[in-house]
Trainee: 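This is the structure I have questions about; it appears just below.
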Amino acid sequence: MKKAIVLFISLLFIAAVSLLILKNLEDTDSYVSQQNSKFSKTQMMFYVNNAKDEIAEVLRLVVEQNSDKNKQREVLKDYIGINFPIIIQDAKITIRLEEYDKYNINLLKEKDEKKYKYFKDFLAQENIYDFERLQDIFSENNQVKNSKQLDFILEKFKKESYNTDIFKVKDYIGFQPYDKKEITQNDKEKDIRFYELFVKVEYLKQFAKAYYILNKKGEVTYFEFSFK
């Protein structure tokens, strides 16, 4: 376990060094044009992709070295939910890894109520009782594949049910094939199969954000990217 933790920290360090080296190589002939928006966005996309690759490699190695799911989570627990900043001259890259532990809204298409019982009970605990209305809205879309579709359903539900509480629990609702159980479930009982990776880049007064969902092996199952 200690070796895996050391490996994790080392890889984050390697990520910072590799970003610095590659940036210096690319900037040799491009420094004069740094203010060019297209160049800046290309650099930010490079930083984001590099950060994703490094974290994906960490997850892959943790799985390879620890076959037991509880040991895997034990190795990563001290790094979950923590912002790791990497400063490289004009760029600041912030990386945060989270466990993906959400109720799957796509279970609403199941005919057997037992399939979405935990989700329904959770909403009731949060004073969201118009569950049939949510099912009807979901049925109009059939399946949620991205955050935009999920936001659309939740926004429509808020308007039709006059219940704004749905957005208070938005972070607990997802669309990946993961069946979250009770919110009070013991950590050891959870079968975390996905991770969320948040990457933020600040570069030459421009901002980029990326959101990944990775499986335990570090493979990308979902990706969003935006510039500001």
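Quick note: numbers below take in every heavy atom, side chains included, and nothing from hydrogens, waters or symmetry partners. Since this is a predicted model, take the numbers as computed values, not measurements.
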Trainee: Quick check for you: to the nearest 0.5 Å, what is the distance between Lys158 atom NZ and Ile137 atom CD1?
Mentor: 12.0 Å

Trainee: State, yes or no, whether a side-chain contact exists between Lys52 and Val199 at a heavy-atom distance under 4.5 Å.
Mentor: no

Trainee: Short question: side chain of Asn83, backbone of Arg96 - any donor-acceptor pair under 3.5 Å?
Mentor: no

Trainee: Within the distance-only criterion (no hydrogens, no angle test), does the side chain of Asn66 pair as donor or acceptor with the backbone N or O of Gln72 below 3.5 angstrom?
Mentor: no

Trainee: So, does Asn163 use its side chain to make a donor-acceptor pair with the main chain of Asn127 at under 3.5 Å?
Mentor: yes

Trainee: Does the side chain of Leu59 come within less than 4.5 Å of Asn215's, by heavy atoms?
Mentor: no

Trainee: With heavy-atom distances below 4.5 Å as the criterion, would you say the side chains of Phe119 and Leu134 are in contact?
Mentor: yes

Trainee: Check the orientation of Phe227 and Phe225. Use parallel for under 30°, tilted for 30 to 60°, and perpendicular for over 60°.
Mentor: perpendicular

Trainee: What I want to find out is whether Asp112 reaches Lys115 closely enough, with some N-O distance under 4.0 Å, to be called a salt bridge.
Mentor: no

Trainee: Within the 4.5 Å heavy-atom criterion, are Ile105 and Phe138 side-chain neighbours or not?
Mentor: yes

Trainee: Identify the two heavy atoms, one from Asp151 and one from Phe167, that lie closest to each other, and give their separation to 0.1 Å.
Mentor: O-CZ, 4.2 Å

Trainee: The test is salt bridge (charged side-chain N to carboxylate O under 4.0 Å, His left out); show your working for Lys71 and Glu74 and say whether it passes.
Mentor: CA-CA 5 Å; Lys71 288 184 178 179; Glu74 181 70 20; over 6 Å; no

Trainee: For a quick test of reading the model, state the closest non-hydrogen atom pair linking Ala56 to Gly218 and the distance between them.
Mentor: CB-O, 3.2 Å

Trainee: Quick check on the hydrophobic clustering: are Ile153 and Tyr129 connected, directly or via other members, by side-chain heavy-atom contacts under 4.5 Å?
Mentor: no

Trainee: Side chain to side chain contact (heavy atoms under 4.5 Å, CB included) for Tyr212 and Val48? Distances and angles first, verdict last.
Mentor: CA-CA 10 Å; Tyr212 292 90; Val48 166; 3.5 Å; yes

Trainee: Any heavy-atom pair between the side chains of Ile166 and Leu123 that's under 4.5 Å?
Mentor: yes

Trainee: Any donor-acceptor pair under 3.5 Å linking the side chain of Gln149 with the backbone of Val144?
Mentor: no

Trainee: Are Lys109 and Gln143 side-chain neighbours, meaning at least one heavy-atom pair lies under 4.5 Å?
Mentor: yes

Trainee: Judged by modelled atom types alone, do Asn104 and Tyr116 share a side-chain donor-acceptor pair under 3.5 Å?
Mentor: no

Trainee: Going through the checks in order, is the side chain to side chain contact (heavy atoms under 4.5 Å, CB included) test met by Phe157 and Ile128?
Mentor: CA-CA 11 Å; Phe157 175 80; Ile128 303 170; 3.8 Å; yes

Trainee: Please report the interatomic distance NZ(Lys120) to CG(Leu107), rounded to the nearest 0.5 Å.
Mentor: 14.0 Å

Trainee: Is the ring pair Tyr211/Phe198 parallel, tilted or perpendicular, if the boundaries are 30 and 60 degrees?
Mentor: tilted

Trainee: Determine, stepwise, if the pair Val169 / Tyr103 fulfils side chain to side chain contact (heavy atoms under 4.5 Å, CB included).
Mentor: CA-CA 10 Å; Val169 299; Tyr103 295 97; over 6 Å; no

Trainee: Go through Phe207 and Lys200 one step at a time and tell me if the side chain to side chain contact (heavy atoms under 4.5 Å, CB included) criterion holds.
Mentor: CA-CA 7 Å; Phe207 300 87; Lys200 180 181 178 181; 4.2 Å; yes

Trainee: Are Met44 and Ile87 connected, step by step, through hydrophobic side chains (Ile, Leu, Val, Met, Phe, Trp, Tyr) whose heavy atoms are closer than 4.5 Å?
Mentor: no

Trainee: How far does NZ of Lys156 sit from CG of Asn141, to the nearest 0.5 angstrom?
Mentor: 7.5 Å

Trainee: Determine the minimum heavy-atom distance between Leu154 and Lys170, stating which atoms define it.
Mentor: CD1-CG, 3.9 Å

Trainee: CG of Asp136 to CD of Glu132: how many Å apart, nearest 0.5 Å?
Mentor: 8.0 Å

Trainee: Does a sphere of radius 6.0 Å around CD in Glu113 hold more than 12 heavy atoms from other residues, nucleotides or ligands, not counting ones at 6.0 Å or beyond?
Mentor: no

Trainee: Run Tyr222 and Phe194 through ring-ring contact (aromatic ring centres under 6.0 Å, His included) and show every step you take.
Mentor: CA-CA 10 Å; Tyr222 182 74; Phe194 298 97; over 10 Å; no

Trainee: What do you reckon, are the aromatic ring centroids of Tyr195 and Tyr100 less than 6.0 Å apart?
Mentor: no

Trainee: How many angstroms lie between CD1 in Ile55 and CD1 in Ile95, if you round to the nearest 0.5 Å?
Mentor: 5.0 Å

Trainee: Once you round to the nearest 0.5 Å, how far does CD1 of Ile192 lie from CG of Asp101?
Mentor: 4.0 Å

Trainee: Where the side chain of Tyr203 meets the backbone of Ala208, is there a donor-acceptor pair that is under 3.5 Å apart?
Mentor: no

Trainee: Taking all non-hydrogen atoms of both residues, which atom of Glu126 and which atom of Asp165 are closest, and how far apart?
Mentor: O-OD2, 3.9 Å

Trainee: Which atom names give the shortest non-hydrogen contact between Ile173 and Leu150, and what distance separates them?
Mentor: O-CD2, 3.5 Å

Trainee: Same cluster or not: are Val63 and Val220 linked, directly or through other Ile, Leu, Val, Met, Phe, Trp or Tyr residues, by side-chain heavy atoms under 4.5 angstrom apart?
Mentor: no

Trainee: Taking all non-hydrogen atoms of both residues into account, name the closest pair between Tyr47 and Ala91 and its distance.
Mentor: CE1-CB, 3.6 Å

